[in-house]
Amino acid sequence: MLTLKQLRDDKELAIRKLAKKGVDAAPVIAKIEDLDDRRKALQIELDGCFAEQNKAAKLIGALMGQGKKEEAEAQKERVTWLKNRSAKLAAEAKEVADLLQAAIVLLPNFPADIVPEGKTAEDNLVVKLVETYTELPENPLPHWELARKYDIIDFDMGVKLTGAGFPVYKGKGARLQRALINFFLDCNTKAGYLEIEPPIMVNEASGFGTGQLPDKEGQMYHATVDNFYLIPTAEVPVTNIYRDVILDEKDFPVKMTAYTPCFRREAGSYGKDVRGLNRLHQFDKVEIVQLSLPEVSYAALDGMVAHVESIVKALGLPYRILRLCGGDISFTSALTYDFEVYSEAQKRWLEVSSVSNFESFQANRLKLRYKDADKKMQLAHTLNGSSLALPRIVAALLENNQTAEGIRIPEALIPYTGFDIIK
RNA sequence: GGAGAGGUGGCGGAGUGGUCGAUCGUGCCGCACUCGAAAUGCGGUGUACGGGUAACUGUACCGGGGGUUCGAAUCCCUCCCUCUCCGCCA
């Protein structure tokens with residue numbers, strides 16, 4: 001959520017920035033200005049009304065003490081009248097405040113200056129391309145066939161137990177999952193991230209804090225009896241640790257990492273996108289989250305990108321890094337880098353990580369603040385990234401490392417898997 | 001799930017209808033004393049939304065929401081949470 005200050009301080013700049021995200025913000029901002037002005041006017045009136053009521057109530061106390069009953073009664077009548085008026089004003093003020101809130105949450109975050117212009121994924125900027133292709137056998141198999149061939153992932157069993165998009169990992173497949181999780185967590189903790197094991201269900205307040213609610217409600221599984229939501233990413237519980245928190249400047253940076261299963265309804269997905277491991281309702285992911293001082297948040301983002309890159313590199317997969325264009329970047333993000341690994345058998349790039357700086361957009365909702373050197377309250381910056389999401393990494397590992405003998409495990413993973421080949 | 005006790009400022013803990021945004025202690029910050037520190041003394045120390053160049057000032061906030069009342073931290077309703085005991089249980 002943008003702040004009023006961001007929108008009102010330099011309106012033209014705000015409109016230009018939002019245009020890059022494909023939003024015509026001029027009418028919305030005009031409406032916001034109008035509502036904000038009305039809100040202030042109502043607030044002044046309401047506060048004055050309350051002030052009079054408070055004065056009168058105190059006066060009544062004093063008059064009663066002096067035994068001046070009649071004068072007290074007269075004041076009582078006045079307060080009754082004032083109460084009536086303030087109730088009306090309060091209702092109006094709330095209505096205006098709600099409209100204002102509703103208008104502000106419609107606007108996406110400002111994109112950073114270096115975000116490329118563009119509307120679709122075609123316009124994303126490839127900032128790095130590392131092709132480490134290995135020799136594959138003739139007619140390489142896609143991962144869903146490899147999974148069946150080596151009996152390590154059972155998609156049909158998942159359908160029996162739950163439904164499509166809930167695979168069952170077996171034997172070396174299950175062990176590979178565990179190995180990757182541990183490998184990723186170790187990489188992250190070595191880089192200074194504090195390991196967290198959060199709840200994988202969250203309440204409404206947390207869903208709102210990171211922006212899943214109310215807009216993406218349909219994307220989350222909802223346990224209605226207790227009104228809990230299954231998390232779509234560890235970002236939700238981990239970032240919400242700092243909801244309603246006021247930090248000190250010296251507390252920064254805050255670096256956290258967590259492994260969790262992630263649950264996404266993915267309503268509306270179909271076709272090759274959902275084949276095999278490409279898109280699931282339940283999947284494993286290790287996430288990194290940083291809270292940063294505003295002046296260094298882009299340096300922090302670069303650090304996170306370099307960190308994720310080091311992990312992808314260690315796995316020996318062909319990858320590229322994209323800087324997302326204005327049209328493809330998420331609603332909440334100011335700058336996002338996507339990591340994609342190449343799936344040789346599917347002949348397509350698979351997104352395995354998305355690393356973003358949200359600047360103060362999330363912090364505003366979370367009320368995550370700090371006191372600066374002048375003791376003034378400021379919003380912190382939040383950042384997060386996948387480090388990494390498992391399914392597509394697994395897909396790429398299986399496809400790119402297939403040999404006539406079996407599937408080779410990358411050197412870095414062998415200490416975690418305890419085997420060097422799946423056959 | 002049942003019964004009971006609670007939820008007050010960074011922390012501890014007063015406060016059962018008016019002068020309470022809240023006694024006091026502690027922590028923290030500043031000043032004094034000191035070569036320095038400790039101890040001691042004095043002063044300051046919440047958040048949000050407004051008004052004001054500023055000093056300052058208005059309003060709201062004592063778990064959340066609602067109600068009673070001229071007036072609510074205090075009384076009532078409701079929800080959430082914590083603790084103790086019982087039940088169940090990985």
Side-chain angles (χ1 to χ4, degrees), chain A residues 1-9 32-105 197-209 213-214 222-229 237 240-251 254 261 360 363-380:
Chain A
M1 189 167 72
L2 292 166
T3 62
L4 276 168
K5 193 170 157 48
Q6 281 176 300
L7 290 168
R8 298 201 69 161
D9 275 3
I32 286 169
E33 273 192 312
D34 177 52
L35 287 167
D36 190 36
D37 291 341
R38 279 171 62 196
R39 182 190 63 84
K40 280 184 192 173
L42 284 166
Q43 192 65 49
I44 290 168
E45 215 178 334
L46 184 60
D47 282 358
C49 206
F50 280 145
E52 281 193 59
Q53 287 176 49
N54 289 341
K55 261 190 231 160
K58 277 181 187 166
L59 185 58
I60 289 167
L63 290 170
M64 297 288 262
Q66 296 164 24
K68 296 178 180 171
K69 283 236 168 78
E70 280 180 26
E71 285 178 54
E73 286 304 321
Q75 284 299 321
K76 280 191 191 181
E77 271 179 47
R78 205 168 91 83
V79 173
T80 307
W81 180 83
L82 282 166
K83 260 179 82 170
N84 239 305
R85 181 160 164 257
S86 60
K88 275 183 202 144
L89 284 168
E92 202 178 335
K94 186 179 183 306
E95 194 185 325
V96 170
D98 287 349
L99 287 172
L100 180 60
Q101 172 80 3
I104 294 175
V105 298
E197 187 180 307
I200 59 175
M201 296 180 110
V202 294
N203 58 28
E204 246 180 308
S206 294
F208 183 81
L213 292 175
H222 188 193
T224 52
V225 173
D226 294 293
N227 198 23
F228 293 151
Y229 292 86
N240 270 282
I241 289 172
Y242 286 88
R243 167 158 50 87
D244 291 322
V245 169
I246 299 169
L247 290 165
D248 207 87
E249 257 189 320
K250 66 177 189 300
D251 297 327
V254 175
S360 62
N364 190 29
R365 274 199 177 202
L366 289 162
K367 296 198 176 62
L368 163 55
R369 295 163 293 173
Y370 70 97
K371 281 196 173 155
D372 67 13
D374 301 327
K375 303 267 184 199
K376 285 188 74 176
M377 210 61 92
Q378 305 285 355
L379 290 170

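The figures that follow rest on heavy atoms only: side chains count, while hydrogens, waters and symmetry mates do not. Convention: sequence-line order gives letters A, B, ...; per-chain numbering from 1.
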Say we look at [N] and [M]: how far apart would their [atom1] atoms be, to the nearest angstrom?
{"N": "B:G9", "M": "B:U57", "atom1": "C1'", "value": "22 Å"}
{"N": "B:G41", "M": "B:A55", "atom1": "P", "value": "32 Å"}
{"N": "B:C85", "M": "B:A37", "atom1": "P", "value": "49 Å"}
{"N": "B:C61", "M": "B:G13", "atom1": "P", "value": "25 Å"}
{"N": "B:G66", "M": "B:A5", "atom1": "P", "value": "27 Å"}
{"N": "B:U74", "M": "B:G7", "atom1": "P", "value": "12 Å"}
{"N": "B:G63", "M": "B:G12", "atom1": "P", "value": "14 Å"}
{"N": "B:G27", "M": "B:U16", "atom1": "C1'", "value": "30 Å"}

Of the listed nucleotides [options], the one nearest the side chain of [X]:
{"X": "A:Asp47", "options": "B:G58, B:G51, B:C70", "result": "B:G58"}
{"X": "A:Asp36", "options": "B:G18, B:U59, B:G50", "result": "B:G50"}
{"X": "A:Met377", "options": "B:C70, B:C49, B:U47", "result": "B:U47"}

Subject >> Most 5' of A:Ala57 and A:Ala51 on RNA chain B, judged by nearest nucleotide >> reply: A:Ala57
Subject >> Residue closer to the 5' end of RNA chain B, A:Phe228 versus A:Gln75 (nearest nucleotide) >> reply: A:Gln75
Original post:
Got A:Ile32 and A:Leu100 here, is their nearest side-chain heavy-atom distance under 4.5 Å?
Top reply: yes
Mind calculating the distance between [atom1] ([X]) and [atom2] ([N]) to the nearest angstrom?
{"X": "A:Asp244", "N": "B:C61", "atom1": "CG", "atom2": "C1'", "result": "14 Å"}
{"X": "A:Leu82", "N": "B:G58", "atom1": "CG", "atom2": "C1'", "result": "15 Å"}
{"X": "A:Leu89", "N": "B:C49", "atom1": "CG", "atom2": "P", "result": "20 Å"}
{"X": "A:Lys371", "N": "B:C29", "atom1": "NZ", "atom2": "P", "result": "13 Å"}
{"X": "A:Lys69", "N": "B:C70", "atom1": "NZ", "atom2": "C1'", "result": "14 Å"}
{"X": "A:Ile246", "N": "B:A48", "atom1": "CD1", "atom2": "C1'", "result": "10 Å"}
{"X": "A:Lys76", "N": "B:U68", "atom1": "NZ", "atom2": "C1'", "result": "14 Å"}
{"X": "A:Lys55", "N": "B:U59", "atom1": "NZ", "atom2": "C1'", "result": "13 Å"}

Subject >> Residue pairs passing the side chain to side chain donor-acceptor pair (under 3.5 Å) test where at least one lies in residues 35-44 of chain A, sequence neighbours excluded >> reply: A:Arg8-A:Asp36, A:Arg8-A:Asp37, A:Asp36-A:Arg39, A:Gln43-A:Asp47
What does [N] pair with, Watson-Crick or G-U, if both distances are under 3.5 Å?
{"N": "B:G50", "result": "B:U57"}
{"N": "B:A5", "result": "B:U82"}
{"N": "B:G30", "result": "B:C42"}
{"N": "B:C70", "result": "B:G18"}

**OP:** Enter the distance from A:Lys371:NZ to A:Asp248:CG here, rounded to the nearest 0.5 Å.
**Re:** 9.0 Å
Original post:
Is A:Lys55 salt-bridged to A:Glu52, cutoff N-O under 4.0 Å?
Top reply: no
Original post:
Which part of the nucleic acid does A:Ile44 contact within heavy-atom distance under 4.0 Å: base, sugar-phosphate only, or nothing?
Top reply: sugar-phosphate
**OP:** Determine the contact category for A:Arg39: base if any of its heavy atoms lies under 4.0 Å from a base atom, sugar-phosphate if only primed atoms, P, OP1 or OP2 are that close, otherwise nothing.
**Re:** sugar-phosphate
Is the shortest side-chain N/O distance from [X] to OP1 or OP2 of [N] below 4.0 Å?
{"X": "A:Asn54", "N": "B:U59", "value": "yes"}
{"X": "A:Lys367", "N": "B:U47", "value": "no"}
{"X": "A:Lys40", "N": "B:G58", "value": "no"}
{"X": "A:Arg369", "N": "B:A48", "value": "yes"}

Original post:
Partners of A:Lys376 by salt bridge (charged side-chain N to carboxylate O under 4.0 Å, His left out), sequence neighbours excluded?
Top reply: none
**OP:** Consider only side-chain N and O atoms of A:Gln6 and A:Thr3, and report whether a donor and an acceptor are under 3.5 Å apart.
**Re:** yes
Original post:
Quick check: does any side chain N or O of A:Ser206 sit under 3.5 Å from a backbone N or O of A:Val202, one acting as donor and the other as acceptor?
Top reply: no
